[in-house]
Amino acid sequence: SNFAIEQFNLPVKDVTRGLARKDFYIPGSILRTELTMSHPLTKGMPEQSIAWFESGPVFEIGGVPVDKAIAFKDVGVNIIASYPTDPSKILLSGWALGAEKIAGKAALVEVTMGKGKIILFGFRPQYRGQSLATFPLLFNAISN
């Protein structure tokens, strides 16, 4: 995801980038996600789900002025999944230092560029081939 953000100058920012480990560190935990049910990528999913998070990016829309962003006329950003706004409701299993830094931030984002789309996952939807909760997101992204 960070590669795509940098290469295409997407108007999306990783809010965890540059944070010191003493302020933010989630080395491998299961986090609660809240899904946008009207989006095609969430087809067949519950409104709340889980995701394996292991030092991944967490997204905030903005950070790059659109006129300096990509050289495409039609740029749109959709938040497909986000973390709860209440930091105490984010962690489901494992541990998280600095959960308040990602509260209410995006976990899965779709950026439309002209006729194409870039899907940015902030978590590992295929983690160890056992992520039944996030496989539908990955498969829906491929099929759409």
Side-chain angles (χ1 to χ4, degrees), residues 1-127 131 133-144:
S1 292
N2 283 325
F3 175 80
I5 291 169
E6 291 169 11
Q7 291 301 305
F8 294 104
N9 293 319
L10 301 179
V12 177
K13 172 183 160 185
D14 175 6
V15 298
T16 66
R17 192 165 227 180
L19 291 178
R21 240 185 202 187
K22 65 182 178 64
D23 297 323
F24 179 79
Y25 187 57
I26 303 176
S29 299
I30 297 174
L31 306 184
R32 181 185 322 270
T33 57
E34 298 172 344
L35 304 177
T36 303
M37 300 311 296
S38 60
H39 197 280
L41 264 61
T42 61
K43 181 182 177 188
M45 300 278 303
E47 193 170 335
Q48 287 194 357
S49 190
I50 62 172
W52 175 260
F53 184 93
E54 188 174 339
S55 304
V58 178
F59 309 112
E60 185 173 69
I61 309 311
V64 176
V66 175
D67 63 335
K68 292 192 171 189
I70 21 199
F72 287 89
K73 220 174 181 184
D74 303 318
V75 177
V77 180
N78 292 311
I79 296 172
I80 301 167
S82 59
Y83 298 109
T85 55
D86 180 352
S88 69
K89 296 192 188 284
I90 295 173
L91 182 66
L92 291 173
S93 178
W95 63 280
L97 175 64
E100 70 279 355
K101 306 257 190 241
I102 66 170
K105 304 294 184 201
L108 176 59
V109 173
E110 173 192 69
V111 181
T112 303
M113 294 176 41
K115 295 179 182 178
K117 294 178 183 179
I118 298 174
I119 308 296
L120 304 172
F121 283 91
F123 52 87
R124 298 179 182 195
Q126 81 299 351
Y127 182 71
S131 302
T134 52
F135 272 161
L137 295 168
L138 179 62
F139 296 143
N140 288 341
I142 293 168
S143 67
N144 283 303

Value rounded to 0.5 Å, distance of [atom1] in [X] from [atom2] in [Y]:
X      : Y      : atom1 : atom2 : answer
Leu91  : Ile102 : CG    : CD1   : 9.0 Å
Ile5   : Lys13  : CD1   : NZ    : 11.0 Å
Ile119 : Thr112 : CD1   : OG1   : 8.0 Å
Glu60  : Asp14  : CD    : CG    : 10.0 Å
Phe53  : Leu92  : CZ    : CG    : 13.5 Å
Asp86  : Glu100 : CG    : CD    : 11.5 Å

[Y] side chain reached by [X] side chain, heavy atoms, under 4.5 Å:
X      : Y      : answer
Leu97  : Asp23  : no
Ile61  : Pro11  : no
Met113 : Ile118 : yes

Could you tell me which non-hydrogen atom of [X] sits nearest to which non-hydrogen atom of [Y], and how far apart they are?
X     : Y      : value
Ile90 : Ala99  : CD1-O, 3.5 Å
Ser1  : Phe121 : OG-O, 2.8 Å
Val15 : Lys101 : CG2-O, 4.0 Å
Pro46 : Met37  : O-SD, 3.7 Å
Phe59 : Leu108 : CD1-N, 4.4 Å
Tyr83 : Gly122 : OH-O, 4.3 Å

Taking only distance into account, with no hydrogens and no angle test, what donor-acceptor pairs under 3.5 Å do side-chain atoms of residues 27-36 form with protein atoms, sequence neighbours excluded?
residue, atom, partner, partner atom, Å
Ser29, OG, Trp95, N, 3.1
Ser29, OG, Trp95, O, 2.8
Arg32, NE, Lys89, O, 2.8
Arg32, NH1, Gln48, OE1, 3.4
Thr33, OG1, Ser49, O, 3.4
Thr36, OG1, Ile79, O, 2.8

Q) Judged by atom type as modelled, is there a donor-acceptor pair below 3.5 Å linking the side chain of Asn78 to the main-chain atoms of Ile80? A)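 No; zero donor-acceptor contacts below 3.5 Å.
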